Amino acid sequence: METAPSYLEELNDVQRNAVMTLEGPVLVVAGPGSGKTRVLTYRIAHLIRSGVAPWEILALTFTNKAAREMKSRIEKVVGNKANYVMAGTFHSIFARILRREAPKIGYPNDFTIYDTDDAKSLLREIIKIKNLDNTSYKVGAVLSRISSAKSNLIIPKAYAQSEELLQQDRMNKMPYVYQIYDKYVKRCEKAGAMDFDDLLLLFFKLLYKNPDGVRQEYQQKFKYVLVDEFQDTNYLQYAIMKLLVDYHGSPQNICVVGDDAQSIYSFRGATIENILQFERDYPTLKVFKLEQNYRSTHHIVQAANEIITNNKNQIKKKIWTDLIEGERIKVIKGMTDGEEGRRVADTIVEQKTRNHIKNTDIAILYRTNAQSRVFEEYLRRYNLKYRVFGGLSFYQRKEVKDMISYMRASCNSKDDEAFKRIINYPKRGIGKATIDKISALAEEQDLSFWDAMGKIKLTTRTNSLLLAFRTMIASFNKKAQTADAYDTAMYIAKGSGLYKLLKGDPTIEGIGRFENFNALLDGVKEFIENDEVQNGVIETDKSLGTYLQNIALLTDLDDEKDDDDYITLMSIHAAKGLEFKSVFVVGLEENLFPSYMSLTLPENIDEERRLFYVAITRAERYLTLSYANSRYQYGQMRFNDPSRFLEEIPQDSIESYGVVMKKKPDFSSPKLIGNFKRPQARNMPNKIAEGDFNPSPQSAIKEGVTVLHRKFGKGKVEMIDGHQNNLLATINFEGIDTPKRIALKYAKLQVL
DNA sequence: GGGGGCTATGGGGGG
DNA sequence: CATAGCCCCC
């Protein structure tokens, strides 16, 4: 008989049971630092050791980094078979499958992936086409409505029929979101483009509609499914998981790992409800709770436990450690954000000399990316190497996106967003007026931007400019058909004039841009030279189209530079899953952390608290918290109270007792120095109190009467027109220059 | 059609 | 404050 594999001896009892329960549904509730990744990887290794083929295992993560980490750890146990495990992010795995199956749902194999910028640009255009007021229809808000609809499996038709959603949109003064959504989906389809949510939604559609038995094919293929960070899945992801796992005679080999206390992505639709639903959907579920923390010393663990008790509604769980008591948590106060930065940098220097900590062992974590600046300033001044993650990613930089747009346009002639970006960059005399005319023709005759460009009749001069542009792109496209990604990219870089343009800019910024541009080209070269295994598949296709597919889902965090010794600066969200010997959590102030956006709803504060919980549990030995009494925010000096979270830490775990304010912080809105408050845009009408307002029936609103509106105040009805069942009143409100057009069936007006 | 400057607006997290 | 969209002027 074979001896038990040695990796099983590296596990505690609960971990080992979780690893060895291979069949049937399993839920692993894993506290921070409890060996979650170890359990996941050893479980996969154990599956392979038990004779399961690596490609029959599907492991879904939220970041590429987590997937890579997992694979490299599996590799240590089972060797290079690990490469063939289908491990990757939800988005990348589904994108890869869709690339093969897309025609079954009416998409081309070489579909484009629209990033957030593309999506917003498209929405901006749609809002314009529909003649909607872009002050009430904010692209960001509209996109987030669409995104959350998709994440909840609500297609445009269902959206248009949901009284609840329509009501919400009306309240937010954007009643026609449902129409924008419908148009947006059609335009994406027409462009052969998917946005991030579509990668999930259309994969769901593929399985659900089941053309050619494709669902059964993938159900059979993925015999074992694992989901990491389950607390951050949304409804759509859960639905996909169920489609893969639930079928007649299924062994339901599904293992999900998560921690409700670390759920920090509800803003993008994640719901802890999935954990509860999972328990209901799989009654034979086996639950394992990992509560022993191997990462942090006692004071840190105790503080984490204490803090999280302030949240209601959580799965009962208490992490513990048998590590030493360790250092107490240090709290640093600065009078200003600048002083906070300096004192944090001072503390880093002190830790480095006294405790011999390397840069890589240190992280500065903040709530918002904008906070990195001051820390960068002092680290630079002290000659400490650092690296900022997040913020504007490499692929979002203008010079990089421009080049990528050229590549996209050269591969997919229907990619309207790419074309609009490059048609006149570098300048070639095709201006806004021409572009508008092309867009209008495309809209009118339902053509792609590219086809409209070829069809439109304008002045001789303009037409020849357009022809020259089309000829150029056609040559790029031809090159892309035959040459590899690098040759094509170089051909495009030179042929488009981008190379020359960027090279010729001698300014500091220009040199930086040219460097980024070259870094992109180097990346293409690397792509064609290395046979990478991605998501369990060896990439042999070296075409530009494939390259584009591979980079579409990359972020800043994926860019590994591990030989360098640098201090890590990143948002707390980005730090999830990581650990550092010494962690600085900075900016612990009311309105910043917790964010002012969260202060109105208790459940949002709870999420901020979970975020704080995530932050402090990244630390192994040294945890330092900091705040500033004042800081520049949005162009103004603001005074914020210390964060309520500071008070939730047990006092005997804090070193600098007395720094924290004794009294409960005042949670009122930020105070402003002097009278720098920006004047309110337009006249802010007097708000009408709830009780004083009795809306009149629609029939009472007639021309000439004076009415009261909750937001706009008093006004005179000048005119009523519009369709019978959608009457529009033109009302002149006091103190508002332009008359408002108000739909009577929605608006609440009181006749005075 | 291009460029510069004004102003409104955001202001959070990310695949 | 930083940025982006928009408007106006050349």
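In what follows, chains carry the letters A, B, and so on, assigned in the order in which the sequence lines appear, proteins first and then strands, with residues in each chain numbered from 1. Here the structure is a predicted model, which is why all the values come from computation and not from measurement.
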Check: Taking 4.0 angstrom as the limit, do A/K420 and A/E417 come out as a salt bridge?
Finding: yes
Next item on the list: Measure from the side-chain heavy atoms of A/K138 and tell me the nearest of B/dG12, B/dG10, B/dG1.
Entry: B/dG10
Next item on the list: Would you mind checking if A/D606 and A/R609 are paired as a salt bridge, meaning a charged N to carboxylate O distance below 4.0 Å?
Entry: yes
Checklist line | Side-chain N or O of A/N369 closer than 4.0 Å to phosphate OP1/OP2 of B/dG13 | finding: yes
Check: Taking for each residue the nucleotide of DNA chain B with the nearest heavy atom, is it A/F267 or A/R461 whose nucleotide lies nearer the 5' end?
Finding: A/R461
Next item on the list: Sequence neighbours left out, what passes side-chain hydrogen bond (donor to acceptor under 3.5 Å, both in side chains) with A/T459? Give chain and number order.
Entry: A/T462
Note to self: For a 4.5 angstrom cut-off between non-hydrogen side-chain atoms, does A/F449 reach A/I438?
What the structure shows: yes
Item checked: Spacing between A/L200 atom CG and B/dG15 atom P, to the nearest angstrom -> 13 Å
Check: Between B/dA8 atom P and A/R124 atom CZ, what is the distance in whole Å?
Finding: 17 Å
Next item on the list: May I ask you to say what A/Q237 touches in the nucleic acid, namely base, sugar-phosphate or nothing, with a heavy-atom cut-off under 4.0 Å?
Entry: nothing
Notebook entry, point to check: Does A/T368 have a side-chain nitrogen or oxygen under 4.0 Å from the phosphate oxygens OP1 or OP2 of B/dG12?
Noted result: yes
Notebook entry, point to check: Over how many whole Å does the gap from A/I240 atom CD1 to B/dG15 atom C1' extend?
Noted result: 13 Å
Notebook entry, point to check: Thinking salt bridges, do A/D228 and A/K36 make one under a 4.0 Å N-O criterion?
Noted result: yes
Check: Quick one: do A/R610 and A/E607 make a salt bridge, cutoff under 4.0 Å?
Finding: yes
Note to self: Let's test your reading of the pairing rules: Watson-Crick or G-U wobble, both distances under 3.5 Å, then write DNA chain B as a dot-bracket string with ( ), [ ], | and dots.
What the structure shows: ||||||||||.....
Notebook entry, point to check: Out of A/D260, A/D232, A/T233, which one pairs with A/N274 under the side-chain hydrogen bond (donor to acceptor under 3.5 Å, both in side chains) rule?
Noted result: A/T233
Next item on the list: Specify the separation, in whole Å, of atom CD1 of A/I93 and atom P of B/dG15.
Entry: 15 Å
Next item on the list: Provide, to the nearest angstrom, the distance between the CG atom belonging to A/N234 and the C1' atom belonging to B/dG13.
Entry: 15 Å
Notebook entry, point to check: Which part of the nucleic acid, if any, lies within reach of A/R367 when heavy atoms closer than 4.0 Å are counted: base, sugar-phosphate only, or nothing?
Noted result: base
Notebook entry, point to check: Nearest-Å distance, OH (A/Y596) to C1' (B/dG12)?
Noted result: 8 Å
Notebook entry, point to check: Closest nucleotide of DNA chain B for A/K437 versus for A/S598: which of these residues is on the 5' side?
Noted result: A/K437
Checklist line | A/H573 side chain, from C-beta outward: closest of B/dG12, B/dG15, B/dG13 | finding: B/dG13
Check: A/N310 side chain to A/I307 main-chain N or O, any donor-acceptor pair under 3.5 Å?
Finding: yes
Notebook entry, point to check: Rounding to a whole Å, what distance do you find between A/E608:CD and B/dG12:P?
Noted result: 12 Å
Check: Near A/F267 CZ, under 6.0 Å, is it more than 12 heavy atoms from other residues, nucleotides or ligands?
Finding: yes
Check: With sugar-phosphate meaning primed atoms plus P, OP1 and OP2, does A/Y265 contact a base, only sugar-phosphate, or nothing at under 4.0 Å between heavy atoms?
Finding: sugar-phosphate
Next item on the list: Could you tell me the separation between the CG atom of A/N591 and the P atom of B/dG12, rounded to a whole number of Å?
Entry: 13 Å
Show each protein N/O and nucleotides 2-5 of chain B N/O combination with a separation under 3.5 Å, one pair to a line.
| from | atom 1 | to | atom 2 | distance (Å) |
| --- | --- | --- | --- | --- |
| B/dG2 | OP1 | A/G429 | N | 3.3 |
| B/dG2 | OP2 | A/N424 | ND2 | 3.1 |
| B/dG3 | OP2 | A/K427 | NZ | 2.3 |

Checklist line | Check ion pair A/D436-A/K432 (N to O, under 4.0 angstrom) | finding: yes
Checklist line | A/T89 side-chain proximity, nearest of B/dG13, B/dG15, B/dG1 | finding: B/dG15
